[in-house]
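Read the structure below first, then the notes.
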Amino acid sequence: MNKFALTLLAALLPALSPAETPKAKKPAMPEGFHELKIGDAAPDFDLIGIDEEKHTLKNYEDADLLMVAFLSNHCPTSQAVEGRIKKLVKEFKGKGLKVVAINPNDPAALRPDELGYSKYNDSFPEMKLHAKEQGFTFPYLYDGDTQKTALAYGCLATPHVFLFDKERKLRYQGRLDDSRYADEATVTAPDARNAIEALLAGKAVPVEVTKPHGCSTKWIDKRKQLAADNEKWEKGEVEVELIDSKGIAALRKNDTKKVRMFNVWATWCGPCVEEFPQLVATSRKFGLRDFEFISISMDDPQTIHEVKEFLEKHNAVVPEKLKPSLKAEGRKGNAYVFNEASQDGLIKALDPEWPGPIPHTLVVAPGGEVIFRHNGPIDGDELRAKILEHMGRFYKPE
């Protein structure tokens, strides 16, 4: 083989060798993000708690072990572990463990559909409400304004826990345990508990680092993405179709896994127009869940273009998650104009208990069970609370 051939072969060899398996790219973190390693000292903090008092690392200097748990109001995985954290606090009371929870999230960086598992956003005032309702037995601090503490600890998600020894050296970090469900029976690897028990017994931590799972930290710089998402939503188109009583009856039967919210309205109905933003807000809130808002207009079918214009003006668009299910059902959208002269057939098909006037709202579970019904303008908070009560705050095993 001549010299030229050898040179050419050498150049080709790297390209002919098996390609390395590409590594998953880590998400870009904001400036100042620091990943704590085992043995690192606990970063100090100076944060306001729901008790309206300032909390620093020094406040917990008497504890033999300190667990810093990053939690949030909105995240279903975070909500699911609250009960287990309260149980840890109770079981290890007087044994040297202290727990302090910190909310790292910027509430202005959360999309409406990221709030579909919670009554509350992650603001400080709402932290107080959430903690009171859930009976928190540990301090709950707010870091959302600056996120300095979340950056210093390297908080990736809620929940994300860090366990420090008496010298405040990191001995365990990661998940609380391996379950994303609220039922403690689904836990098979109680990693944080194992670490606590080992350290209190003077033994080595069995597993020092695990991967946290849950909702990613909502960094302040996500506000730009949120603005872009809102702009896309506001430019969305609405498909409006005619429908008769038979079509309404099929939808009302709800032979799906989705919760369906029906609202009968008209562009000429003042109370209907006034309440409509609350219905759209409800649709957006539950946009990542099995939920759909079906609007039924009582406008003249000849003015269907005006109905479409109204719905687009009020951003009554179908969330992306719903589009595949609508396509599978052979439906273009969730907006309809009733095309029969008499309303009797509509009342019989949708809700025989409806007295007749509009607006009228009906929420049904899969299979058609009524979750909520109301004639007249609705209270948006009450409506969403009823839906959340039925759908639940946690992920549920299939």
Side-chain angles (χ1 to χ4, degrees), residues 42 45-107 110 114-115 117-145 147 149-150 153 155 157-164 173-177 179-184 187 190-193 195-196 212-215 217-218 385 388-389 392-395:
F45 51 81
D46 184 4
L47 299 171
I48 188 74
I50 57 172
D51 57 0
E52 292 289 352
E53 298 290 336
K54 279 296 187 98
H55 293 247
T56 68
L57 194 62
K58 188 176 177 60
N59 291 125
Y60 305 94
E61 63 183 355
D62 293 338
D64 293 328
L65 294 179
L66 177 65
M67 177 185 285
V68 178
F70 287 91
L71 303 178
S72 63
N73 301 338
H74 87 280
C75 179
T77 308
S78 182
Q79 293 187 75
V81 304
E82 291 170 354
R84 300 201 283 278
I85 291 179
K86 287 187 289 185
K87 186 174 181 179
L88 283 176
V89 171
K90 182 178 180 179
E91 289 186 6
F92 290 95
K93 184 177 181 180
K95 298 179 181 180
L97 174 69
K98 290 288 185 181
V99 175
V100 57
I102 300 174
N103 177 5
N105 291 331
D106 171 23
L110 276 152
E114 291 177 305
L115 302 174
Y117 285 86
S118 174
K119 288 170 64 177
Y120 303 116
N121 199 319
D122 282 341
S123 71
F124 180 61
E126 288 168 295
M127 285 171 58
K128 295 179 180 180
L129 297 173
H130 179 74
K132 183 178 180 180
E133 288 181 10
Q134 303 311 317
F136 278 16
T137 53
F138 45 84
Y140 191 25
L141 319 182
Y142 180 58
D143 186 39
D145 285 344
Q147 302 186 316
T149 304
Y153 278 73
C155 172
T158 55
H160 192 167
V161 303
F162 298 80
L163 185 64
F164 299 92
Q173 74 110 332
R175 64 193 187 187
L176 183 77
D177 52 49
S179 179
R180 61 196 177 103
Y181 302 129
D183 184 359
E184 191 173 5
V187 176
D191 302 287
R193 174 183 285 274
I196 292 167
H213 54 93
C215 306
T217 305
K218 301 304 180 280
L388 183 62
E389 181 181 342
R393 297 188 301 121
F394 317 117
Y395 295 130

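The figures here come from the full heavy-atom set of this structure, side chains too, leaving out hydrogens, waters and symmetry mates. Residues: numbered from 1 along the sequence shown. Keep in mind that what you see is a predicted model, and the values were worked out from it rather than measured.
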How are the rings of F45 and Y60 set relative to one another: parallel (under 30°), tilted (30 to 60°) or perpendicular (over 60°)?
->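 Ring orientation, 0 to 90° scale: tilted.
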Less than 4.5 Å apart, any side-chain heavy atom of [X] and any of [Y]?
{"X": "D51", "Y": "P139", "result": "no"}
{"X": "F92", "Y": "R193", "result": "yes"}
{"X": "T217", "Y": "N105", "result": "yes"}
{"X": "H160", "Y": "R175", "result": "no"}
{"X": "P212", "Y": "C155", "result": "no"}
{"X": "Y142", "Y": "M127", "result": "yes"}
{"X": "L65", "Y": "F164", "result": "no"}

Looking only at atom types and distance, does a side-chain atom of [X] sit under 3.5 Å from a main-chain N or O of [Y], one as donor and one as acceptor?
{"X": "D191", "Y": "L176", "answer": "no"}
{"X": "Q79", "Y": "N73", "answer": "yes"}
{"X": "K86", "Y": "Q134", "answer": "yes"}
{"X": "R84", "Y": "A182", "answer": "yes"}
{"X": "D177", "Y": "S179", "answer": "yes"}

With rounding to the nearest 0.5 Å, note down the distance linking [atom1] in [X] to [atom2] in [Y].
{"X": "Y120", "Y": "L115", "atom1": "OH", "atom2": "CG", "result": "13.0 Å"}
{"X": "L66", "Y": "E61", "atom1": "CG", "atom2": "CD", "result": "11.5 Å"}
{"X": "S72", "Y": "Y140", "atom1": "OG", "atom2": "OH", "result": "6.0 Å"}
{"X": "H213", "Y": "R180", "atom1": "NE2", "atom2": "CZ", "result": "9.5 Å"}
{"X": "N121", "Y": "L129", "atom1": "CG", "atom2": "CG", "result": "12.0 Å"}
{"X": "L141", "Y": "E53", "atom1": "CG", "atom2": "CD", "result": "11.5 Å"}

Would you please say whether a donor-acceptor pair under 3.5 Å links the side chains of T158 and S78?
->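 Per modelled atom types, T158 and S78 side chains form no pair under 3.5 Å.
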Does the side chain of Y153 pick up a donor-acceptor pair with the side chain of Q173 at under 3.5 Å?
-> no
Verdict with supporting geometry, V99 and T137, side-chain contact (heavy atoms from CB on, under 4.5 Å) = CA-CA 9 Å; V99 175; T137 53; over 6 Å; no
Answer yes or no on whether R393 is positioned over the face of Y117, meaning its NZ or CZ is under 6.0 Å from the six-membered ring centre and within 45° of the axis.
->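 No, R393 and Y117 do not form such a contact.
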Option among I85, V100, L88 that satisfies the side-chain contact (heavy atoms from CB on, under 4.5 Å) test with F138 =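 The single option meeting the side-chain contact (heavy atoms from CB on, under 4.5 Å) with F138 is I85.
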Looking at E126 and K119, does any basic side-chain N land under 4.0 Å from a carboxylate oxygen?
->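 No, E126 and K119 are not salt-bridged.
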Answer yes when K218 and D122 have at least one side-chain N-carboxylate O distance shorter than 4.0 Å, and no when they do not.
-> no
Which atoms form the tightest heavy-atom contact between L388 and S118, and what is the distance?
-> CD2-C, 3.6 Å
State, to 0.1 Å, how close F394 and P76 come at their nearest heavy-atom pair, and which atoms those are.
->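 Between these two residues, the closest heavy atoms are CD2-O, 4.0 Å.
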State which residues pass side-chain contact (heavy atoms from CB on, under 4.5 Å) with D46; sequence neighbours excluded, sorted by chain then number.
-> K54, T56
